[in-house]
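Input: a single structure, listed below in structure tokens.
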Amino acid sequence: MPLLARSSSRPMLPMLPLSRRSGYTALYLLLFFATLVQYFVTSGSSPGYVLDAMRAVNETNVIYKKSSMASKQPASSKNGSLIVTVEESQSGRNFRGTISASWTKLVMDMYPPGTPVRTCTCSYCNVEQPPRAKHCHDCDKCVLQFDHHCVWLGTCVGQGNHCKFWWYICEETALCLWTGILYITYLKANISRAWWKDTVMILLLIPLSISIIFLLLLLLFHSYLVLTNQTTYELVRRRRIPYLRGIPERVYPFSKGVCSNLYDFCCVRSSKYSLESLPSAQQLEEKSRPYTCLDVLTCRCC
């Protein structure tokens with residue numbers, strides 16, 4: 001009787017139906033497989049090299065010279081899956097004519113007048129760098145909108161694969177959170193007075209918790225960069241980058257609004273590389289103006 005009473009007083013854990021447990025297992029394995037695939041896709045994708053953009057522009061110049069309708073074509077060049085577009089600034093400079101010129105002139109028109117070519121030329125690649133580009137010493141190439149070099153992926157994160165990198169850390173975070181929930185559920189259901197039997201599970205939970213915290217912070221950080229159209233390099237080295245040195249920290253010079261930044265990040269960068277010119281003094285003054293209620297109603301932040 002005491003034995004029966006002891007066993008009956010033990011709380012019974014709710015058991016899920018077999019079909020439901022099979023569904024959870026299938027979803028978990030699907031997420032694991034998707035994260036693994038996203039890892040290889042991100043590590044194998046190009047971050048957007050300056051040499052590729054320059055090669056595409058040079059090929060476009062040849063086409064423009066052979067075509068009699070060159071002046072009527074848009075400022076874009078297609079090279080297989082590579083599309084290079086030049087964004088027009090609001091200061092009145094038009095880059096549609098300069099696309100048919102040399103790469104040097106195209107790049108120099110994106111900087112303020114009077115900027116020497118030597119300042120924009122990479123001493124390692126010997127190529128003119130557009131704004132926001134940087135030479136990666138690990139890859140030994142100049143990368144468009146360089147963010148950082150990821151040692152886990154073995155490649156740079158730049159304009160061409162930043163969106164893929166964001167989705168990878170998002171899936172990795174979801175996978176670690178789900179794994180942590182499974183660990184905690186197992187420990188609650190099986191831990192007893194002989195807790196040393198589950199010592200391995202408890203020890204594994206510690207690095208898993210650290211990984212979850214790290215991934216969550218990394219995901220939030222890159223989401224902030226996406227919404228403000230910044231890169232890790234620009235945020236960390238803001239005072240050392242010449243074109244950002246005199247700009248206040250609360251001003252995001254390349255931001256076009258939250259909605260436009262999200263659209264460019266998710267829909268545009270996956271199919272083409274965009275060369276952004278430096279904003280003019282008038283644009284910087286407009287971006288530094290505080291938001292008002294009227295600006296919110298008119299969707300200035302978007």
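This chain uses plain numbering: 1 for the first residue, then up along the sequence. Computed over heavy atoms, backbone and side chain alike; hydrogens, waters and symmetry mates excluded.
- Contact annotation: the side chain of Gln159 never approaches that of Val143 to less than 4.5 Å [non-hydrogen atoms, C-beta and beyond].
- Considering only residues two or more places apart in sequence or on other chains, Ser211 meets the side chain to side chain contact (heavy atoms under 4.5 Å, CB included) condition with none of them.
- Partners of Lys141 by side chain to side chain contact (heavy atoms under 4.5 Å, CB included), not counting sequence neighbours, listed by chain and number: Tyr49.
- Cluster annotation: Phe33 and Val41 are assigned to the same hydrophobic cluster (Ile/Leu/Val/Met/Phe/Trp/Tyr, side-chain heavy-atom contacts under 4.5 Å, transitive).
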What side-chain donor-acceptor pairs closer than 3.5 Å can you find for residues 165-174, not counting sequence neighbours?
residue, atom, partner, partner atom, Å
Trp166, NE1, Ser223, OG, 3.0
Thr173, OG1, Ile169, O, 2.6

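- By the 4.5 Å heavy-atom criterion applied to side chains, Arg238 and Gln230 are counted as neighbours.
- Residues satisfying the side chain to side chain contact (heavy atoms under 4.5 Å, CB included) criterion with Trp178, sequence neighbours excluded, are Tyr24, Leu27, Tyr28, Leu31, Leu182.
- Defined by atom type and a distance below 3.5 Å, a donor-acceptor pair is missing between the side-chain atoms of Ser280 and Gln282.
- Looking at residues two or more places apart in sequence or on another chain, you find a side-chain hydrogen bond (donor to acceptor under 3.5 Å, both in side chains) between His135 and Asp140.
- Counting Ile, Leu, Val, Met, Phe, Trp and Tyr side chains that sit under 4.5 Å apart, directly or through other members, Leu225 shares a hydrophobic cluster with Phe221, Tyr224, Leu235, Tyr252.
- In the hydrophobic cluster analysis, where Ile, Leu, Val, Met, Phe, Trp and Tyr join through side-chain heavy atoms closer than 4.5 angstrom, Tyr124 is grouped apart from Leu144.
- Taking each heavy atom of Leu284 and Pro279 in turn, the nearest pair found is CD2-CG, 3.7 Å.
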Set out, in order, the CA-CA distance, both residues' side-chain angles and the distance that settles side chain to side chain contact (heavy atoms under 4.5 Å, CB included) for Leu106 and Met54, then state yes or no. CA-CA 10 Å; Leu106 176 65; Met54 183 180 67; over 6 Å; no
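- Every residue meeting the side chain to side chain contact (heavy atoms under 4.5 Å, CB included) condition with Tyr183, not counting sequence neighbours, appears here in chain and number order: Thr179, Met201, Leu204, Leu205, Leu208.
- Across every non-hydrogen atom of Trp103 and Pro130, the tightest pair is CZ2-CG, 3.8 Å.
- A salt bridge (charged side-chain N to carboxylate O under 4.0 Å, His left out) check over residues 154-163, counting only residues at least two apart or in different chains, returns nothing.
- Grouping Ile, Leu, Val, Met, Phe, Trp and Tyr residues whose side-chain heavy atoms lie under 4.5 Å apart, directly or via other members, leaves Ile181 alone, with no other cluster members.
- Chaining together hydrophobic side chains whose heavy atoms lie under 4.5 Å apart places Leu217 alongside Ile213.
- Between His222 and His162, the distance separating the two ring centers is shorter than 6.0 angstrom.
- Considering CZ of Phe146 and SG of Cys139, their distance stands at 8.0 Å, rounded to 0.5 Å.
- Minimum interatomic distance between Thr155 and Ser43 (heavy atoms only, all atoms of both residues): CG2-O, 3.8 Å.
- The minimum heavy-atom distance linking Pro47 with Cys156 is given by the pair CB-O, 3.4 Å.
- When side chains are defined from C-beta on, Leu278 does not count as touching Pro253, because their heavy atoms never get closer than 4.5 Å.
- Grouped by direct or indirect side-chain proximity (heavy atoms under 4.5 Å, Ile/Leu/Val/Met/Phe/Trp/Tyr only), Val236 sits alone.
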Determine, stepwise, if the pair Thr42 / Asn161 fulfils side chain to side chain donor-acceptor pair (under 3.5 Å). CA-CA 6 Å; Thr42 307; Asn161 61 353; over 6 Å; no
Start with the C-alpha distance between Cys142 and Leu51, add both sets of side-chain angles, then the distance that settles side chain to side chain contact (heavy atoms under 4.5 Å, CB included), and finish with yes or no. CA-CA 7 Å; Cys142 292; Leu51 288 175; over 6 Å; no
Assess the residue pair Gln129 and Thr121 against the criterion (side chain to side chain contact (heavy atoms under 4.5 Å, CB included)); give the C-alpha distance rounded to whole Å, side-chain angles, the decisive distance to 0.1 Å, and a yes or no. CA-CA 6 Å; Gln129 292 180 340; Thr121 303; over 6 Å; no
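- Within the 3.5 Å criterion, the main-chain N or O of Thr232 finds a donor-acceptor partner in the side chain of Asp147.
- Between atom CG of residue Leu177 and atom CG of residue Leu215 there is a gap of 8.5 Å, rounded to the nearest 0.5 Å.
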Carefully, step by step, assess Glu128 and Val50 under the rule side chain to side chain contact (heavy atoms under 4.5 Å, CB included). CA-CA 9 Å; Glu128 290 77 17; Val50 175; over 6 Å; no
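- The backbone N or O of Leu227 sits less than 3.5 Å from a side-chain atom of Asn261, completing a donor-acceptor pair.
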Report all side-chain donor-acceptor pairs from residues 239-246 shorter than 3.5 Å, counting only partners two or more places apart or in another chain.
residue, atom, partner, partner atom, Å
Arg239, NH2, Glu249, OE2, 3.4
Tyr243, OH, Arg132, N, 3.3
Tyr243, OH, Glu234, OE2, 3.4
Arg245, NE, Arg239, O, 3.3
Arg245, NH2, Arg240, O, 3.3

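- Taking CG of Leu262 as the start and SG of Cys163 as the end, the distance is 10.0 Å to the nearest 0.5 Å.
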